[in-house]
Amino acid sequence: MDPECSRLLPALCAVLADPRQPVADDTCLEKLLDWFTTVTEAGSSLLLLQENPCLVELLFHVLKSQDLSSRILSFSLRLAGIFAAQEDCFQYLQQGELLPMLFGEAGPLGGAAWTAPAVRSGWIQGLRTLAQHPSALRLLAACGAVDTIFSLQGDSSLFVASAAGQLLVHILDLAMRGPAEGRCSPQACDWPACAQKIVCHIEDSLCSIATPQVTQALNVLTTVFGHCHGLWTQGLWVRLSPLVARLLEKDPVPASHSLVDLLLSVARSSVPSSDRGLWETLAQTLSHLSPTQAGPLALGILKLQDCPQALRTQAFGVLLQPLACVLEAAAQAPGPPGLLGGAAGDPMTVDTLLCSKSACVGLLCCALAHLGLLQPLPQRPSPWPQAPLLGAAVTVLRLCSGSAAPTSDVGGRLCAILVGCGRVQRAALDFLGALSQGAGPQESVTQVFSVLLEYLMSPESSSMVLKKAFQATLRWLLSSPKTPGCCDLDPRTQLFLRELLPVLQKRLCSPCWEVRDSGLEFLTQMTRHWGGQAGFRQALLASEVPELTKQLLQDPESYVRASAVTATGQLSSWGLLAAPASPERPGAQQKSLLVELLHVLCADSEGFPRRAVMQVFTEWLRDGHADVAEDPERFVARVLQAASRDPDWEVRAQGLELALVFLGQLLGPRGSHCPCAVALPETAPPGALAQALPEAAPPGTLAQALPEAAPPGTLAQALQVLCRVQLFEFAFRALFDCDRPVAQKSCDLLLFLRAKAALCGSPQEAGDSPNVASVEATLQRWQAGEQGQPLGYLEPGAVMAVLRSIDLEGLRDTLAESSDHVEKSPQSLLQDMLAAVGVLGENEADCY
């Protein structure tokens, strides 16, 4: 321990032991416990107590005081557990009978303080920490702690009850270590006394008629089989499995959720390799539980790696039954039995669907969610009933929208329950989107597109349902097959697009901002994937969607403006924002977008749209957008000028990302051996890069747009370009930004530039010229917070001299430290706690 901390400890212990002193909050006490844990893990607890006897005195004083706060009592119990975790220190504390007094009847356990949940929790956590060696088991037996833990399983505080169950598992695992590790016998006489007592308690609880006690036992066993891996767990299951199976004979099955958790925990452990009867128990459980209760168990069984095929088939049938009932109920004419892989509508499932709206909605949502989780897994059942599942999802959606016309009585009642139910609609749309990963017959896919279009058009669809419908539609569109021998969209998809775009156009005019936002996100994703497809381009340019998207840059809602920025940026990248410009004014429409986005960056009052503009501009620069390629210097200079003044740190950080892209295009990417190969000429005229671009070049990098035979530039030329766009002023100012991510990104950028300069050979430095001195003086003022004075134009040599004079590596290391690394020190913590009660003078505290 640090000597200064040892010096402060006696005063702190005196404060903690004095009930008249206002003790620091729980956070400080937790930090103090964390510190003691770190100290004892690194060294001897016994030596710590011998060198700091005030700690033992504090624990003894806690026993004598009658009016200490529950927080201090809880802290002391946990502190004692930390020290006693090492066996030699445990024996040292036992010499004075300190531990039996703290954790036995003589301590808080037998007093009024026990009514506080914090004290009971501290007692459990203290025992949990010290129970690391055989001596601890003898203490537990001597002070009757195990019986207290049994009672705490039913504590009114859920945190205390949960901790008590976990402590029982820990004690059982500790008792079965060592000589008992290899014993698998289910005979109670072969087990240690402490373990035998716990197992007998679990047996009694499993036989109880009180559901809470059954639940406690099942939860303890679930934790045992999930966290304990000794051979003894197999013997434990052999001993207890008949009692677990007997729960299935009760009606209803008690604690069904906990029972499912236990059986799946056992199935994932080493037990199945020694007890094949487990599979029979799982099959019986599937049969005895209600459809809603059996769903999670069925999904868990199907996720198991090794499982009998018959059990997998039964489990899959359980998941399919609700949808099979829906298909049968909504069928216009009687269909073949077992529409979903042999799963026929089960009477119990039908009863659940019809008994109440909440039961019907819950069962259908669970079934759809479970099947959706199962669909992408490699161990999903094969063959997978893709077509019937598509039909079931479409049927559920039509029942919810009221467009289905079932003829059966069950179908009519289902329709009445589900119509307008947004929760089922969202679940069914999620499931329908998941099914897009599998192929389906033409008729089924046509029905899918039809119901999606129906939902997108319906005025009854809520904003959340529309968002889900857009997401499912996107997944189905992107999974559409290509026409053989053609890279364009297939005719069916093109037909759907022609029907979809007028609907999207309508949704972009919705009075609900969430709907407008969802429509823009959908358009952005479609354009990103299909911007080069002739069929998509033709359909989009024939609609009013691009113009509406541009108009939404003025939307009153900032989220919508941000999505509109992203969408217009994507459309512009593919030349889809508006009709082709006239020959007299080539690129005029595209230029107007650049001006509009710059206006958003400079004038929008909200941060989201400005961040979106910076991301679009970075993509444009990276991909060689036509507007950017026309005059990259002017573009970068205008963007960096706007970003440097932005109050949002994410905008400034994105500005540095754009600057890094520009650097890479001038000097080559990181790690390249020819860093100046793509440098711009020193006096590149406006539009020089645009003239080098092919007439119909697809989006690509700026470097790819340069002529192959372009002569390599020099580092000095590249630095002059960077000076002209004032990149260095932006980067140096960001180096002292009050937001750490901005300063870190600036540091990385300048380190990258300095490394490139070392590869190329630096230009002649300016040495101690007035220019360098002026720059260094300005940077010092910036670091002190006076950022009003600009740097002005910089010469390349001066830049390199300043770069070498700054300890960028040291700054990077400093920025990597947490903002409170000084205050987190143990010494600072002790000083703060003492200063809070006035023990230290004002100048001695390190308050933060």
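Reckoned from all heavy atoms, side chains included, excluding hydrogens, waters and symmetry mates. Just so we're clear, the structure is a prediction, and the values are computed from it rather than from any experiment.
Between atom CD of residue Q309 and atom CG of residue L311 there is a gap of 9.5 Å, rounded to the nearest 0.5 Å. Rounding to the nearest 0.5 angstrom, the gap separating the CD atom in Q379 from the CG atom in D306 is 10.5 Å. Rounding to the nearest 0.5 angstrom, the gap separating the CZ atom in F608 from the OG1 atom in T566 is 12.0 Å. To the nearest 0.5 Å, atom CD of residue Q533 and atom CG of residue L497 are 10.0 Å apart. I202 CD1 to L168 CG: the interatomic distance, rounded to the nearest 0.5 Å, is 7.0 Å. Atom OG1 of residue T233 and atom CG of residue L231 lie 7.0 Å apart, to the nearest 0.5 angstrom.
The number of heavy-atom neighbours closer than 6.0 Å to CD of E443, taken from other residues, nucleotides and ligands shown, is 12 or below. Under a cut-off of 6.0 angstrom, the local environment of CD in Q284 is crowded, with over 12 non-hydrogen atoms contributed by other residues, nucleotides or ligands. Within 6.0 Å of CD on E280 lie no more than 12 heavy atoms contributed by other residues, nucleotides or ligands.
F449 has its side chain out of reach of L500: every pair of non-hydrogen atoms, C-beta onward, lies at least 4.5 Å apart. Looking only at side-chain heavy atoms (C-beta outward), L302 and P381 come within less than 4.5 Å of each other. Inter-residue side-chain proximity for L371 and L389 is flagged as met; some heavy-atom pair is nearer than 4.5 Å. Side-chain contact between L354 and C360 is absent, with no heavy atoms from C-beta onward closer than 4.5 Å. The shortest side-chain heavy-atom distance between D409 and R413 falls under the 4.5 Å cut-off. No side-chain heavy atom of L259 sits less than 4.5 Å from a side-chain heavy atom of Q293. Taking 4.5 Å as the limit, some side-chain heavy atom of L571 sits within range of a side-chain heavy atom of L540. Side-chain contact between K250 and L247: present, with at least one pair of heavy atoms (C-beta onward) separated by less than 4.5 Å.
Listed here is the closest heavy atom pair of F225 and S269: O-CB, 3.8 Å. Contact between S208 and V214 at its shortest, heavy atoms only, is O-CG2, 3.6 Å. Residues A298 and A315 approach most closely at CB-O, 3.3 Å, considering heavy atoms. Closest of all the heavy-atom pairs between L504 and G519 is CD1-O, 3.6 Å. Across T549 and A567, no two heavy atoms sit closer than the pair CG2-CB, 3.7 Å. Pairing each heavy atom of C415 with each of G402, the nearest pair is SG-CA, 4.5 Å.
Although no hydrogens or angles enter the test, the distance criterion places a donor-acceptor pair under 3.5 Å between the side chain of S479 and the main chain of R475. In this structure a side-chain-to-backbone donor-acceptor pair under 3.5 Å is present from R537 to G531. Counting only distance, with no hydrogens or angles, the side chain of E619 and the backbone of V616 share no donor-acceptor pair below 3.5 Å. At least one donor-acceptor pair closer than 3.5 Å links the side chain of T446 to the backbone N or O of Q442. Panel note: side chain Q386, backbone G438; a donor-acceptor pair is recorded below 3.5 Å. For S408 (side chain) and A329 (main-chain N/O), a donor-acceptor pair under 3.5 Å exists by modelled atom type. The backbone N or O of G569 sits nowhere less than 3.5 Å from a side-chain atom of S572 that would complete a donor-acceptor pair. No donor-acceptor distance shorter than 3.5 angstrom exists from the side chain of S461 to the backbone of M457, with no hydrogens or angles considered. Between the side chain of S510 and the backbone N or O of R507 there is no donor-acceptor pair closer than 3.5 Å. Checked by atom type and distance alone, the side chain of R380 pairs as donor or acceptor with a backbone atom of Q375 at under 3.5 Å.
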>> With side chain to side chain contact (heavy atoms under 4.5 Å, CB included) as the criterion, how do F316 and I301 come out once you've worked through the C-alpha distance, each side chain's angles and the decisive distance to 0.1 Å?
In response: CA-CA 9 Å; F316 195 38; I301 289 171; over 6 Å; no

> Should R312 and L304 be marked as a side chain to side chain contact (heavy atoms under 4.5 Å, CB included) after you check the CA-CA gap, both sets of side-chain angles, and the distance that decides it?
Replying inline: CA-CA 9 Å; R312 288 177 60 82; L304 296 174; 5.9 Å; no

>> Pair E203, R239 - check salt bridge (charged side-chain N to carboxylate O under 4.0 Å, His left out), show working.
In response: CA-CA 9 Å; E203 288 176 325; R239 176 172 171 176; 2.9 Å; yes

>> Determine whether V260 and L289 satisfy the following criterion, side chain to side chain contact (heavy atoms under 4.5 Å, CB included), listing intermediate values before the conclusion.
In response: CA-CA 10 Å; V260 167; L289 294 180; 3.7 Å; yes

>> With side chain to side chain contact (heavy atoms under 4.5 Å, CB included) as the criterion, how do L218 and L206 come out once you've worked through the C-alpha distance, each side chain's angles and the decisive distance to 0.1 Å?
In response: CA-CA 8 Å; L218 293 173; L206 289 174; 3.8 Å; yes

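S463 and E514 share no donor-acceptor pair across their side chains, judged by distance under 3.5 Å alone. If you check the side chains of S287 and Q314, you find a donor sitting under 3.5 Å from an acceptor. D261 and S258 are not linked by any side-chain donor-acceptor pair at a separation below 3.5 angstrom, with hydrogens and angles left out of the test. Counting only N and O atoms by type, the side chains of E460 and S401 include no donor and acceptor under 3.5 Å apart.
Each of L221, T281, L278 was evaluated against V266; a single residue qualifies, L278, per the side chain to side chain contact (heavy atoms under 4.5 Å, CB included) test. For the ring pair (Phe, Tyr, Trp, His ring centres under 6.0 Å) criterion with F470, the lone passing option out of W476, Y455, F522 is F522. None of L456, T473, L508 except one satisfies the side chain to side chain contact (heavy atoms under 4.5 Å, CB included) rule with V503; the exception is L456.
Taking the six-membered ring wherever Trp is involved, the centroid distance between the rings of W574 and F536 does not fall below 6.0 Å.
Take R561 and apply the salt bridge (charged side-chain N to carboxylate O under 4.0 Å, His left out) test, not counting sequence neighbours, and it matches D604.
Residue pairs satisfying the side-chain hydrogen bond (donor to acceptor under 3.5 Å, both in side chains) criterion with at least one member in residues 520-529, sequence neighbours excluded, are listed as follows: K467-E521.
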